[in-house]
Amino acid sequence: MNGWLLAAGITALVVAAVHVAGGHRDVVRPLLSCGLADEPKRVLHAVWHMVSVDLVLSGAALVSLSLMDGAAGTGLVAWFVAAHFIAYAAAFLVVTLSVGWPRPLLRLPQWILLLPVAALAAAGAA
């Protein structure tokens with residue numbers, strides 16, 4: 001068993017749970033009750049659900065990879081998931097830093113949850 005990938009998978013599943021619980025309260029409910037036109041509102045709602053599915057599947061893939069340590073392709077898939085989480089974190093950082101908020105890194109702290117998954121997955125892939 002690959003402990004790094006197991007830790008990455010469990011962390012990703014925790015991130016998914018935080019996304020579903022916290023995101024529904026802090027993002028989805030306000031989004032659905034705002035005055036935005038219905039089409040963009042529903043597209044954003046669907047994208048939120050797509051990210052939910054993506055986070056759960058990534059966590060499940062990492063847990064599965066942890067049990068197949070040494071199998072062909074394990075490292076490649078783990079690197080792909082690590083890159084995936086780095087890209088998500090980078091997107092949050094770019095958006096946050098481009099707004100000009102005071103203390104921007106704490107306004108959208110999702111990157112703080114995403115980077116550990118990337119680091120653990122990369123450690124497990126190496």
Side-chain angles (χ1 to χ4, degrees):
M1 181 185 320
N2 185 319
W4 292 107
L5 293 180
L6 181 61
I10 291 169
T11 304
L13 292 171
V14 169
V15 169
V18 169
H19 170 80
V20 169
H24 189 269
R25 182 188 70 240
D26 295 339
V27 177
V28 174
R29 275 196 247 161
L31 171 69
L32 294 179
S33 64
C34 78
L36 191 63
D38 281 339
E39 288 81 9
K41 183 186 303 186
R42 293 303 169 182
V43 167
L44 291 171
H45 190 201
V47 168
W48 183 82
H49 283 294
M50 289 168 55
V51 171
S52 300
V53 169
D54 183 63
L55 292 171
V56 170
L57 290 177
S58 295
L62 288 167
V63 169
S64 178
L65 289 172
S66 77
L67 302 174
M68 302 183 318
D69 190 32
T74 299
L76 180 62
V77 175
W79 277 117
F80 176 81
V81 176
H84 187 84
F85 275 80
I86 289 169
Y88 270 173
F92 270 102
L93 286 169
V94 167
V95 168
T96 301
L97 295 173
S98 69
V99 176
W101 288 330
R103 297 179 57 189
L105 297 178
L106 299 178
R107 291 285 297 266
L108 294 177
Q110 289 86 337
W111 63 273
I112 296 170
L113 295 172
L114 299 165
L115 281 181
V117 177
L120 291 166

Can you hop from [X] to [Y] via hydrophobic side chains spaced under 4.5 Å?
| X | Y | answer |
| --- | --- | --- |
| Leu32 | Leu44 | no |
| Leu120 | Leu114 | no |
| Val81 | Met68 | yes |
| Leu55 | Phe92 | yes |
| Val95 | Ile112 | yes |

Point to revise | Main-chain N/O of Leu93 paired with Thr96 side-chain donor or acceptor, under 3.5 Å | key: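 Judged by distance alone, no pair lies under 3.5 Å.
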
Check your understanding: For Ala60, does its backbone N or O pair with a side-chain atom of Ser64 as donor and acceptor, under 3.5 Å?
Key ->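 Side chain of Ser64 to backbone of Ala60, a donor-acceptor pair under 3.5 Å: no, none is there.
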
Taking side chain as C-beta onward, heavy atoms only, is [X] less than 4.5 Å from [Y]?
| X | Y | answer |
| --- | --- | --- |
| Leu113 | Thr11 | no |
| Leu62 | Val117 | yes |
| Val56 | Val20 | no |
| Val99 | Leu108 | no |

Quick check: closest heavy atoms across [X] and [Y], and the distance to 0.1 Å?
| X | Y | answer |
| --- | --- | --- |
| Leu5 | Ala78 | CD2-CB, 3.7 Å |
| Leu36 | Lys41 | O-CE, 3.3 Å |
| Ile10 | Val63 | N-CG2, 4.1 Å |
| Arg107 | Pro102 | CG-O, 4.0 Å |
| Gly59 | Ala12 | CA-CB, 3.6 Å |
| Ala82 | Ala122 | CB-N, 3.8 Å |

Check your understanding: Any idea how Tyr88 and Phe85 line up, ring-wise: parallel (<30°), tilted (30 to 60°), or perpendicular (>60°)?
Key ->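 Plane angle over 60°, so perpendicular.
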
Point to revise | Donor-acceptor pair between His24 and Trp48 side chains, under 3.5 angstrom | key: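 Short answer, no.
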
Exercise for review: Return yes when atom CH2 of Trp111 has more than 12 non-hydrogen atoms of other residues, nucleotides or ligands closer than 6.0 Å, and no otherwise.
Suggested key: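 Result for CH2/Trp111: enclosed.
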
